[in-house]
K.L.:
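After the structure tokens below, expect a handful of questions from me.
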Amino acid sequence: MNYDDVMKLALERGFYFPSCEIYGDAHAGFWEYGPAGVGLKNNYLELWRRELVRRDDMLEIDGSQIMSQSVFEASGHLSSFADPIIKCKECKSTFRVDKLISEKTKIEIPESADLLDFDKAISENNLKCPNCKGGFEAARKFNMMFKVGIGPDGEPAYLRPETCQSIFVDFPRLYKTMRGKLPFGVAQIGKSFRNEISPRQSLLRLREFYQAEIEVFCNPNKLNDVEKFSDVQDTVIRVQLDELKEMSCKEAVESDIIPNKFVAYYLGILAEFYEKTGIDMSRSRFRKLGEKEKAFYAEIAFDFEVETTIGWLELVACNYRSDYDLGGHAKKSKEKFEVMDDDEKVLPHVFEISMGIDRSLYSILEHCLRDDKENDRIVLSLKPYLAPIQVGVLSLVKKDGLKEKTDDIYQAIKRKYDSFLDHSGAIGRRYRRLDEVGTPFAITIDHQTLQDDTVTLRDRDSMEQNRIKVSEIDSVLYKKTAFP
RNA sequence: GCGGAGUUAGUCUAGCUCGGUAUGACGUCAGCUUCCCAAGCUGAAGGUCGCGGGUUCAAAUCUCGCACUCCGCACCA
């Protein structure tokens with residue numbers, strides 16, 4: 001199933017849809033999650049908490065989305081999270097000015113250079129618009145952060161372009177009050193904002209999006225002193241260098257493909273997490289980024305990517321950020337960020353696992369959606385613990401007291417399970433509808449129920465049915481919908 | 001941001017050339033029927049035709065602007 005099929009499902013079944021869609025001035029790059037989408041997202045995040053945060057004894061925080069200007073002076077976003085651009089006076093085409101200059105003249109001007117340097121190079125080389133030969137306006141910076149004005153005087157502040165800045169800024173307090181000890185993992189789920197030039201493809205390129213970020217603070221001298229590494233040493237990961245290779249985490253470290261056990265450990269638990277989301281791991285890879293591709297703060301970078309019908313999608317950026325962030329904030333704020341590790345005073349280094357939630361949810365949908373032609377149905381084979389509706393409760397027919405019996409059973413389980421009650425229409429049609437939103441189980445109340453207090457339990461993927469006792473419904477569902 | 005294509009009910013769609021406030025299907029809802037896998041019958045709801053201006057007695061239709069979606073370019077932590 002391809003992108004369009006997922007999009008159609010999303011719109012028709014309430015997974016996600018455009019924000020502000022009834023108004024003409026709605027902007028691109030903003031989407032809402034509907035009921036099914038919220039259910040899936042909540043369950044996905046619960047799995048994330050279990051498999052990463054709790055597994056590794058991390059702490060979770062929830063930071064402010066608007067942060068002060070100093071934060072982004074220290075983080076480098078004010079100067080580096082911006083592209084120098086230039087606009088044609090005639091046809092209004094916009095170009096990356098550094099790229100334009102290097103293409104036409106072979107003169108390399110770093111993108112962080114003074115704007116006047118670009119203007120000078122343009123006029124000295126008499127560069128004109130490649131589209132229409134028109135002249136250029138003065139170069140300017142396009143910063144991808146959204147600026148906001150605080151209070152009546154509009155004091156400048158910014159919507160955070162990545163959630164992790166909260167974690168870095170909060171580090172001194174967290175470390176002191178939470179009895180911190182290296183390695184120290186802090187996690188956060190929240191929204192980030194980037195003023196993308198052209199957002200596209202619904203959840204894949206948003207201006208307002210969810211991230212689940214983990215920052216692990218560590219002693220840079222102990223990157224191979226990782227006891228927990230044995231938990232993942234045999235975990236298989238797929239690594240893309242020049243070619244794609246499948247290997248265990250242990251092999252990856254021993255062959256120096258991953259530089260140390262510390263990084264390998266986190267790639268390992270991340271792979272184990274994604275395995276449980278239902279994403280087809282045979283269509284995934286950790287891609288090592290080259291010097292030019294890496295973010296300005298990254299020393300070592302692996303992207304976790306998944307293959308979809310519109311190409312390889314970056315779901316997670318795994319960056320070894322060294323002391324870039326804590327060092328920057330320490331310098332700017334004069335706050336102390338060094339901590340004691342054993343008898344050593346260190347400025348911790350940071351390894352981050354920066355996950356795009358929206359993209360991950362899209363990938364799950366695409367990998368789980370299938371066209372079951374044999375049975376004339378569309379099936380979303382979500383893992384039961386991720387499904388927004390876990391169980392449908394259906395009466396075979398409404399009369400003869402079956403409706404009342406069905407209502408009773410629904411009432412008995414609905415607080416505990418995400419359930420959906422349905423009495424109307426043909427039973428097959430109701431099963432099809434549940435299949436399409438990914439509901440793994442359906443309980444059907446029929447005439448036999450009234451005689452022996454049993455119901456049928458239908459399995460979405462196999463379409464098989466078993467009779468179980470009404471008294472067993474809870475324990476059976478509990479087992480079948482449990483997180484792994 | 002540039003170029004191209006598009007936008008009519010929840011979804012797909014007819015109508016647009018040649019102006020007269022909209023067609024069909026699926027889906028949804030109610031009832032009947034059936035009684036375990038999208039059957040059938042009857043009925044109903046759902047559209048300021050993307051938004052805004054212009055021309056006209058009259059605009060889904062002609063015209064201009066804008067927005068959004070898709071494709072390509074550029075951009076992309």
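Atoms considered below: every heavy atom in the structure, side chains included; atoms not considered: hydrogens, waters and symmetry mates. Keep in mind that what you see is a predicted model, and the values were worked out from it rather than measured. Order of the sequence lines fixes the chain letters, A, B, ..., with proteins taken first and strands second; residue numbering starts at 1 for each chain.
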K.L.:
Go through the structure and list residues passing side chain to side chain contact (heavy atoms under 4.5 Å, CB included) with A/Gln69, not counting sequence neighbours.
P.N.:
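For A/Gln69, the residues satisfying side chain to side chain contact (heavy atoms under 4.5 Å, CB included) (neighbours in sequence not counted) are A/Glu73, A/Leu78, A/Pro156, A/Tyr158.
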K.L.:
Using the ring pair (Phe, Tyr, Trp, His ring centres under 6.0 Å) criterion, which residues pair with A/Tyr362? Sequence neighbours excluded.
P.N.:
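Result, ring pair (Phe, Tyr, Trp, His ring centres under 6.0 Å) vs A/Tyr362: A/Tyr3.
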K.L.:
Using distance alone, with no hydrogens and no angle criterion, decide if A/Asp452 and A/Gln448 have a side-chain donor and acceptor under 3.5 Å apart.
P.N.:
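Checked: A/Asp452/A/Gln448 side chains pair up, N/O donor to acceptor below 3.5 Å.
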K.L.:
Starting at atom CZ of A/Arg207, determine the distance to atom P of B/rC76, rounded to an integer number of angstrom.
P.N.:
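Taking CZ of A/Arg207 and P of B/rC76, I get 15 Å after rounding.
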K.L.:
Can you name the salt bridge (charged side-chain N to carboxylate O under 4.0 Å, His left out) partners of A/Lys373, sequence neighbours left out?
P.N.:
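Salt bridge (charged side-chain N to carboxylate O under 4.0 Å, His left out) list for A/Lys373, sorted by chain: A/Asp371.
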K.L.:
Do A/Thr444 and A/Arg458 have a side chain donor and acceptor closer than 3.5 Å?
P.N.:
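Checked: A/Thr444/A/Arg458 side chains show no N/O donor-acceptor pair below 3.5 Å.
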K.L.:
Counting the atoms with a prime plus P, OP1 and OP2 as sugar-phosphate, which does A/Pro18 contact under 4.0 Å by heavy atoms, base, sugar-phosphate, or nothing?
P.N.:
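Nothing: the residue A/Pro18, judged by heavy atoms under 4.0 Å, touches no strand.
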K.L.:
Do any of residues 311-326 of chain A sit with a heavy atom less than 4.0 Å from RNA chain B, and if so which?
P.N.:
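Output list: A/Glu314.
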K.L.:
Rounding to an integer number of angstrom, what distance separates B/rU42 and B/rA58 when you compare their P atoms?
P.N.:
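That atom pair is separated by 43 Å.
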K.L.:
Quick one: do the A/Arg460 and A/Thr439 side chains pair a donor with an acceptor below 3.5 Å?
P.N.:
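A/Thr439 and A/Arg460 do not have a side-chain donor-acceptor pair below 3.5 Å.
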K.L.:
Could you check, using the six-membered ring where one of them is a Trp, whether A/Phe30 and A/Phe209 have ring centers closer than 6.0 angstrom?
P.N.:
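Ring centroids of A/Phe30 and A/Phe209 are no less than 6.0 Å from each other.
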K.L.:
Taking the C1' atom in each of B/rU7 and B/rG15, what is the distance between them to the nearest angstrom?
P.N.:
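One C1' to the other, the span is 16 Å.
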K.L.:
Within this structure, what is the CG-to-P distance between A/Asp400 and B/rC36, rounded to whole angstrom?
P.N.:
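Computing the A/Asp400:CG to B/rC36:P distance gives 13 Å.
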K.L.:
Nearest to the side chain of A/Gln201, which nucleotide is it out of B/rC75, B/rC71, B/rC37?
P.N.:
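Ranking B/rC75, B/rC71, B/rC37 by closest atom to the A/Gln201 side chain puts B/rC71 first.
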K.L.:
Between CZ of A/Arg430 and CZ of A/Arg433, what distance do you get to the nearest 0.5 Å?
P.N.:
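Going from CZ on A/Arg430 over to CZ on A/Arg433, the span is 8.0 Å.
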K.L.:
Could you give me the stems involving RNA chain B, meaning stretches of three or more consecutive Watson-Crick or G-U wobble pairs whose two defining distances are both below 3.5 Å?
P.N.:
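Expected stems, ordered by start: B:1-7 with B:67-73, B:10-12 with B:24-26, B:28-32 with B:40-44, B:50-54 with B:62-66.
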K.L.:
Are A/Tyr320 and A/His349 an aromatic pair, judged by ring center distance below 6.0 Å?
P.N.:
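Yes, the ring centres sit under 6.0 Å apart.
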K.L.:
Provide a list of protein-nucleic acid N or O atom pairs under 3.5 angstrom, restricted to nucleotides 39-48 of chain B.
P.N.:
unit_1	atom_1	unit_2	atom_2	d
B/rA39	OP1	A/Arg429	NH2	2.8

K.L.:
If you look at every heavy atom in A/Gly438 and A/Ala387, which pair is closest and at what distance?
P.N.:
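In terms of heavy atoms, the two residues are closest at O-CB, 3.3 Å.
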K.L.:
Measuring from atom CE of A/Met1 to atom CG of A/Leu380, what distance do you get when rounded to the nearest 0.5 angstrom?
P.N.:
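Answer for the CE-CG pair, A/Met1 versus A/Leu380, is 9.5 Å.
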K.L.:
Mapping A/Lys8 and A/Gly29 to their closest nucleotides on RNA chain B, which lands nearer the 5' end?
P.N.:
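By nearest-heavy-atom nucleotide position, the 5'-most residue is A/Lys8.
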K.L.:
If you look at every strand shown and take non-hydrogen atoms under 4.0 Å, does A/Ser354 touch a base, only sugar-phosphate, or nothing?
P.N.:
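Since no nucleic acid heavy atom lies under 4.0 Å of A/Ser354, the category is nothing.
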K.L.:
Suppose we call a contact any N or O donor and acceptor under 3.5 Å apart; does that hold for the side chain of A/Arg205 and the base of B/rC75?
P.N.:
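Per atom types, the contact qualifies.
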K.L.:
With sequence neighbours excluded, what pairs up with A/Tyr324 under the ring pair (Phe, Tyr, Trp, His ring centres under 6.0 Å) test?
P.N.:
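Partners of A/Tyr324 by the ring pair (Phe, Tyr, Trp, His ring centres under 6.0 Å) criterion, ordered by chain and then number, come out as A/Phe296.
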K.L.:
For A/Arg194, report the nucleic acid contact type (base, sugar-phosphate, nothing); a contact means any heavy atom under 4.0 Å.
P.N.:
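The residue A/Arg194 makes base contact.
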K.L.:
How many whole angstroms separate atom CG of A/Asp422 from atom C1' of B/rC37?
P.N.:
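Interatomic distance, CG of A/Asp422 to C1' of B/rC37: 14 Å.
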K.L.:
On RNA chain B, does the nearest nucleotide to A/Ile378 precede the nearest nucleotide to A/His447 from the 5' side, or the other way round? Give the residue.
P.N.:
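With A/Ile378 and A/His447 compared, the 5'-side residue is A/His447.
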K.L.:
Take atom P in B/rU13 and the same atom in B/rC73, then report the distance between them in whole Å.
P.N.:
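These two P atoms come out 26 Å apart once rounded.
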K.L.:
Grab the CD1-C1' distance between A/Ile443 and B/rC36 for me, whole Å please.
P.N.:
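It works out to 15 Å between those atoms.
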K.L.:
Mind checking what makes side chain to side chain contact (heavy atoms under 4.5 Å, CB included) contact with A/Tyr210, not counting sequence neighbours?
P.N.:
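Result, side chain to side chain contact (heavy atoms under 4.5 Å, CB included) vs A/Tyr210: A/Tyr33, A/Lys41, A/Lys191, A/Ile357, A/Asp358.
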K.L.:
Hey, does A/Lys399 reach any base, or is it just sugar-phosphate, or nothing, if we go heavy atoms under 4.0 Å?
P.N.:
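A/Lys399: base contact, heavy atoms under 4.0 Å.
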K.L.:
Taking only the P atom of each, what is the distance from B/rA60 to B/rU21 in whole angstrom?
P.N.:
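One P to the other, the span is 9 Å.
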K.L.:
Using the P atoms only, state how far B/rG4 lies from B/rA45, rounded to an integer number of Å.
P.N.:
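Each nucleotide's P atom is 44 Å from the other's.
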K.L.:
How close or far is atom P of B/rG1 from atom CE of A/Met144, stated in whole angstroms?
P.N.:
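Those two atoms, CE and P, are 15 Å apart.
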K.L.:
Could you state the CD1-P distance from A/Ile310 to B/rC70, rounded to the nearest angstrom?
P.N.:
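Value for this atom pair: 9 Å.
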K.L.:
Take atom CZ of A/Arg433 and atom P of B/rC26, then tell me their distance rounded to the nearest Å.
P.N.:
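Taking atom P of B/rC26 as the reference, CZ of A/Arg433 is at 16 Å.
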K.L.:
Return the set of residues passing ring pair (Phe, Tyr, Trp, His ring centres under 6.0 Å) with A/Tyr417 (not counting sequence neighbours), or none when no residue passes.
P.N.:
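Ring pair (Phe, Tyr, Trp, His ring centres under 6.0 Å) list for A/Tyr417, sorted by chain: empty.
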K.L.:
With sequence neighbours excluded, tell me which residues meet side chain to side chain contact (heavy atoms under 4.5 Å, CB included) with A/Gln240.
P.N.:
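With neighbours one apart ignored, the set is A/Leu244, A/Arg285, A/Arg287.
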K.L.:
When the P atoms of B/rC12 and B/rC70 are compared, how many Å lie between them, rounded to an integer?
P.N.:
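Per the computed distance, 13 Å lies between those P atoms.
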K.L.:
Say we look at B/rC51 and B/rC36: how far apart would their P atoms be, to the nearest angstrom?
P.N.:
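Their P atoms lie roughly 48 Å apart.
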K.L.:
Report which part of the nucleic acid A/Asp4 touches: base, sugar-phosphate, or nothing (heavy-atom distance under 4.0 Å, all strands).
P.N.:
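Contact class for A/Asp4: none.
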K.L.:
With heavy atoms under 4.0 Å as the rule, sort A/Phe17 into base, sugar-phosphate or nothing.
P.N.:
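Contact class for A/Phe17: none.
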K.L.:
Which whole-number value in Å describes the distance from A/Glu436 CD to B/rU11 P?
P.N.:
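Between P of B/rU11 and CD of A/Glu436: 14 Å.
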K.L.:
Side-chain N or O of A/His27 less than 4.0 angstrom from OP1 or OP2 on B/rA67?
P.N.:
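Negative; the distance criterion is not met.
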K.L.:
Using the side-chain heavy atoms of A/Ala28, tell me which of these nucleotides is nearest: B/rC76, B/rU69, B/rC36.
P.N.:
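Within the option list, the nearest is B/rU69.
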K.L.:
For RNA chain B, determine which residues of residues 457-475 of chain A have any heavy atom closer than 4.0 angstrom to one of its atoms, and list them numerically.
P.N.:
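Here the set is A/Arg458, A/Met463, A/Gln465.
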K.L.:
Using the P atom as the point on both nucleotides, what is the distance between B/rA25 and B/rU61, in whole Å?
P.N.:
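Nearest-Å result for B/rU61 against B/rA25 at atom P: 26 Å.
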K.L.:
Does A/Phe286 have any ring pair (Phe, Tyr, Trp, His ring centres under 6.0 Å) partners at least two apart in sequence or in another chain, and if so, which?
P.N.:
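Here the qualifying residues are A/Phe304.
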